[in-house]
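Since the structure is predicted, the reported quantities are computational estimates derived from the model, not experimental observations. Worth knowing before you read on, the calculation uses all heavy atoms, side chains too, and leaves out hydrogens, waters and symmetry mates.
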Amino acid sequence: MSRKQIIAALALLPLVVFVVMLLLSGSRDTPGAFLGGGPFASGELHAGPEPDWSFLVDRELIEMQLVDPPRSRVVWVAVYEGKPYVVSGFMGGLLGSLWKHWPAQAERDGRAILRVDGKQYERQLVRITSGRAVMEGVSAELDRKYGFGGADSIEAGDTWLFELAPR
C-alpha cells in the first residue's frame, strides 16, 4: 500500500467504527449514552398498584424503550408531585431534527417501557405543552438534578416534556 492509501484508510477508520456501532446498537438489550439499544430482553415486568416514584428522585438516568419502534435509550428523569417525567432537549433546531427521533415517535405512539434496577414498568408518554405550574415544577426538579432550567424552553417547544403516565 502507498502512503496515501494508508492515510486514507486511517482517516476512514473512525467512520467505519461508528457505522458498525450504530448498526449493532439496535440489537443490544442495554442502551448506551449516545447510541440507543434494541428492545428490552431482560427485566421483570412490574405487576400491582402504581409505584411510589420517589425512588427516582435522585436517580440520574433511567432506561426507556418505545414499543413502536422498539428502540431503547437512556434519559433524564424528574419526579414532580409524585409523577415521573422525561424531557428531550434540542428540539427546536437542526441538531434535534437530525439526532432526536424518539420524541416525535412517542407523540405518534406513546407506549413505552421503563427499566430501572432490572424491573420494567409499562407507561404511556404524554407530551405536556401547556400548564405553566407543571412546567415550572418539573423544570425546578431538572435544575436541581442537572443544572437545567427550562419552563420557557418547554413552552417554546425547544424542549419537549413528557409525563410517564400509567397505561
Side-chain angles (χ1 to χ4, degrees), residues 25-26 28-93 95-97 99-167:
S25 70
R28 294 183 310 152
D29 177 51
T30 304
F34 294 103
L35 296 176
F40 294 148
S42 64
E44 174 188 338
L45 185 61
H46 170 77
E50 181 71 359
D52 172 0
W53 294 105
S54 63
F55 73 98
L56 295 179
V57 167
D58 290 318
R59 180 75 51 127
E60 291 294 317
L61 300 170
I62 59 170
E63 296 175 324
M64 182 181 76
Q65 175 205 316
L66 296 182
V67 172
D68 185 26
R71 300 264 307 151
S72 57
R73 66 219 17 94
V74 293
V75 292
W76 288 358
V77 62
V79 177
Y80 174 69
E81 293 187 342
K83 298 176 184 176
Y85 295 85
V86 295
V87 291
S88 179
F90 304 108
M91 297 304 295
L95 178 62
S97 65
W99 179 31
K100 303 277 187 129
H101 299 282
W102 75 262
Q105 293 164 342
E107 264 197 323
R108 285 191 299 274
D109 182 348
R111 294 173 299 152
I113 303 167
L114 301 185
R115 185 170 61 186
V116 182
D117 297 332
K119 186 164 271 196
Q120 294 184 16
Y121 302 88
E122 293 182 315
R123 307 310 291 170
Q124 183 73 29
L125 287 162
V126 178
R127 185 170 174 206
I128 307 298
T129 58
S130 62
R132 186 69 184 193
V134 171
M135 290 179 190
E136 287 178 353
V138 173
S139 291
E141 180 60 11
L142 292 167
D143 188 44
R144 179 190 72 82
K145 286 174 77 170
Y146 309 105
F148 168 88
D152 291 337
S153 179
I154 295 166
E155 249 181 0
D158 295 327
T159 299
W160 287 18
L161 172 64
F162 292 91
E163 178 185 344
L164 294 163
R167 256 203 246 162

K.L.:
Whether the R115 and S72 side chains hold a donor-acceptor pair (N or O, under 3.5 Å, no angle test) is what I'd like checked.
P.N.:
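Absent: no donor and acceptor within the cut-off.
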K.L.:
Donor-acceptor pairs under 3.5 angstrom involving side-chain atoms of residues 121-134: please list them, not counting sequence neighbours.
P.N.:
{"residue": "R123", "atom": "NE", "partner": "L164", "partner atom": "O", "Å": "3.0"}
{"residue": "R123", "atom": "NH1", "partner": "E50", "partner atom": "OE1", "Å": "3.0"}
{"residue": "R123", "atom": "NH1", "partner": "E50", "partner atom": "OE2", "Å": "3.3"}
{"residue": "R123", "atom": "NH2", "partner": "E50", "partner atom": "OE2", "Å": "2.6"}
{"residue": "R123", "atom": "NH2", "partner": "L164", "partner atom": "O", "Å": "2.8"}
{"residue": "R127", "atom": "NH1", "partner": "E107", "partner atom": "OE2", "Å": "3.2"}
{"residue": "R132", "atom": "NE", "partner": "E136", "partner atom": "OE2", "Å": "2.8"}
{"residue": "R132", "atom": "NH1", "partner": "D152", "partner atom": "OD1", "Å": "3.1"}
{"residue": "R132", "atom": "NH1", "partner": "E155", "partner atom": "OE1", "Å": "2.7"}
{"residue": "R132", "atom": "NH2", "partner": "D152", "partner atom": "OD1", "Å": "2.8"}

K.L.:
Please report the interatomic distance CD(Q120) to CE(M64), rounded to the nearest 0.5 Å.
P.N.:
13.5 Å
K.L.:
Is there side-chain contact between W102 and W160, with heavy atoms separated by less than 4.5 Å?
P.N.:
no
K.L.:
Hey, is D109 close enough to R111 for a salt bridge, meaning N to O under 4.0 Å?
P.N.:
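Answer for the salt bridge query: yes.
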K.L.:
For a 4.5 angstrom cut-off between non-hydrogen side-chain atoms, does M135 reach V138?
P.N.:
no
K.L.:
Using a 3.5 Å distance criterion without hydrogens, assess whether the side chain of T159 forms a donor-acceptor pair with backbone atoms of I154.
P.N.:
no
K.L.:
Evaluate the criterion side-chain contact (heavy atoms from CB on, under 4.5 Å) for residue pair R59 and D117; output intermediate values, then yes/no.
P.N.:
CA-CA 11 Å; R59 180 75 51 127; D117 297 332; 2.9 Å; yes
K.L.:
Below 3.5 Å, can you tabulate the donor-acceptor pairs from side chains in residues 75-90 to any protein atom, sequence neighbours excluded?
P.N.:
{"residue": "S88", "atom": "OG", "partner": "K100", "partner atom": "NZ", "Å": "3.4"}

K.L.:
Can you list everything that forms a salt bridge (Lys or Arg N to Asp or Glu O under 4.0 Å) with E163? Sequence neighbours excluded, please.
P.N.:
none
K.L.:
Measuring from L56:CG to E141:CD, what's the distance to the nearest 0.5 Å?
P.N.:
10.5 Å
K.L.:
Tell me, do V57 and R144 make a side-chain contact under 4.5 Å, heavy atoms counted?
P.N.:
yes
K.L.:
Please tell me if the side chains of P70 and F40 come closer than 4.5 Å, counting only heavy atoms from C-beta onward.
P.N.:
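A side-chain contact is absent here, since even the closest heavy-atom pair is not under 4.5 Å.
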K.L.:
Kindly indicate whether the side chain of V67, heavy atoms from C-beta on, has any atom under 4.5 Å from the side chain of R167.
P.N.:
yes
K.L.:
Locate the shortest heavy-atom distance separating E63 from V74; write the atom from each residue and the value.
P.N.:
CG-CG1, 4.2 Å
K.L.:
Is there side-chain contact between Q65 and R71, with at least one heavy-atom pair below 4.5 Å?
P.N.:
no
K.L.:
Should we count CD of E60 as having more than 12 external heavy atoms under 6.0 Å?
P.N.:
yes
